[in-house]
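Notes follow once the structure below has been shown.
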Amino acid sequence: MKKFFAILMAFVMVLSLTAVFVGCTTNDGAEDTTAAGTAAGTDADTAAGTENDAAEKPVLKMGTNAYFQPYEFYEGDKIVGIDAEIAAAIAEKLGMTLEIVDMEFDSILTAVNEGSVDFGMAGMTITEDRLLEVDFSISYANGVQAIIVKNDSPITCADDLYAEGANYKVGVQLGTTGDIYATDDFGSENVTTYSNGNEAILALLGGSVDCVIIDNEPAKALVSANAGLKILDTAYANEDYAICVKKGNTELLDKIDAAILELTEDGTIAGIIANYIK
């Protein structure tokens, strides 16, 4: 009898040891219960969770004209720049995912009011006419309207454009404040509009216009890329940039204003601008 119990106990111990070794072995198709396996699974779950979180975030659509370096421009097939980065920071504050939609500058206000985008951000200045169509945020950056001329141009300062008997032809980007101000100052018959700054510069080089009025930072990039041009020392105008939203959309506007204030106070906006404007 004792011998029977001894044999029975030995058999139970063998079964127990076998179970232990099987449980600790990692085979193809078997569950990995090691520390490394657990960590790998956790990392994968975390990555998947992050992607899911991003996918689940509501989308915030920004309308812009991506030919306004350094505020918005293409780097490969991606739109980058000061406005793009500030907009991304605002979207993050709002718990949303930013989507940028490129369009003609003159179409941005319409797109905002029709709801195809949530807001417009394109180095845009607040004007009385624009305030009739959309609402604007607080300012997030300052801009200067510069005058670009050929190196041998008789135009040496902004005052020359207003001189008695002056009849200069001015090139501008359609719908910009340069367009608005120049048309008011010199008359539509002396102002030619173009879809973007590059087209205006080509017109200047070709002799179709005598100068181009455009924001100072894009002006620097355009002059740097085209020999024989310069920016006049005197500015044409000074202005503040802001974000536009559909008129009456106070909920979004208040959130954007709060985000701009926070990003200004913590130095984020200044840091972004400093990366592009030295």
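Numbering of residues begins at 1 and proceeds along the displayed sequence.
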Under 4.5 Å between side-chain heavy atoms, hopping through other hydrophobics if needed: is there a path connecting [X] to [Y]?
X	Y	answer
Ile272	Val80	yes
Ile273	Tyr71	yes
Ile148	Tyr168	no
Ile155	Ile201	no
Tyr67	Met121	yes

### Message
Between Tyr276 and Glu85, do the side chains contain a donor N or O and an acceptor N or O under 3.5 Å apart?
### Response
yes

Measure across [X] and [Y] and return the closest heavy-atom pair with its distance rounded to 0.1 Å.
X	Y	value
Pro58	Gly95	CD-O, 3.7 Å
Pro218	Ile214	CB-CD1, 4.4 Å
Ser139	Ile260	O-CG2, 4.0 Å
Ala158	Thr234	N-OG1, 2.9 Å
Cys211	Val149	CB-CG1, 3.7 Å
Ile277	Pro70	CG1-CG, 4.2 Å

Spacing of [atom1] belonging to [X] relative to [atom2] belonging to [Y], to within rounding of 0.5 Å:
X	Y	atom1	atom2	answer
Cys244	Asn249	SG	CG	11.0 Å
Leu232	Ile213	CG	CD1	9.5 Å
Thr97	Glu92	OG1	CD	10.0 Å
Ile100	Lys61	CD1	NZ	13.0 Å
Leu263	Leu261	CG	CG	9.0 Å
Thr264	Ile269	OG1	CD1	3.5 Å

Test item: [X] and [Y] side chains (from C-beta on) under 4.5 Å apart, heavy atoms:
X	Y	value
Asn190	Asn167	yes
Ile82	Glu217	no
Thr192	Ser208	no

### Summary
Connected to Val117, directly or through other members, by ILVMFWY side-chain contacts below 4.5 Å are Val101, Met103, Phe105, Ile108, Leu109, Val112, Met124, Ile126, Leu131, Val134, Phe136

### Message
Would Leu222 and Leu229 count as a side chain to side chain contact (heavy atoms under 4.5 Å, CB included) here? Give the steps.
### Response
CA-CA 9 Å; Leu222 291 167; Leu229 302 179; over 6 Å; no

## Note on the structure
side-chain hydrogen bond (donor to acceptor under 3.5 Å, both in side chains) with Gln145: of Thr177, Thr125, Asn216, only one passes, and it is Thr177

### Query
Got a sec, which pairs hit side chain to side chain donor-acceptor pair (under 3.5 Å) with one end in residues 99-122, sequence neighbours left out?
Tyr74-Asp102

## Note on the structure
Residue pairs passing the side chain to side chain donor-acceptor pair (under 3.5 Å) test with at least one member in residues 194-203, sequence neighbours excluded, are none

For [X], enumerate each residue passing the side chain to side chain donor-acceptor pair (under 3.5 Å) test, keeping only those at least two apart in sequence or located in another chain.
X	value
Lys150	none
Thr268	Asp266
Asp160	Thr156
Gln69	none

### Message
Applying ring pair (Phe, Tyr, Trp, His ring centres under 6.0 Å), can you list everything that pairs with Tyr140, at least two apart in sequence or on another chain?
### Response
none

### Summary
Those residues at least two apart in sequence (or on a different chain) that pass ring pair (Phe, Tyr, Trp, His ring centres under 6.0 Å) with Tyr162 are Phe186

### Query
Tell me the salt bridge (Lys or Arg N to Asp or Glu O under 4.0 Å) pairs involving residues 223-241, sequence neighbours left out?
none

### Summary
salt bridge (Lys or Arg N to Asp or Glu O under 4.0 Å) pairs touching residues 243-264, sequence neighbours excluded, are Lys93-Glu262, Asp135-Lys247, Glu251-Lys255

### Task
Check the pair Phe68 / Thr176 against side chain to side chain contact (heavy atoms under 4.5 Å, CB included), numbers first and verdict last.
CA-CA 11 Å; Phe68 196 64; Thr176 62; 5.8 Å; no

### Message
side chain to side chain contact (heavy atoms under 4.5 Å, CB included), that's the test. Do Leu252 and Leu60 meet it? Break it down for me.
### Response
CA-CA 10 Å; Leu252 178 58; Leu60 185 67; 4.2 Å; yes

### Summary
Sorted by chain and residue number, the side-chain contact (heavy atoms from CB on, under 4.5 Å) partners of Ile180 (sequence neighbours excluded) come out as Thr127, Arg130, Asp184

### Task
May I ask you to decide if Gly123's main-chain N or O and Asp83's side chain share a donor-acceptor pair within less than 3.5 Å?
yes

#### Entry: Among Val170, Val212, Ile231, Leu161, the one residue meeting side-chain contact (heavy atoms from CB on, under 4.5 Å) with Ile147
Leu161

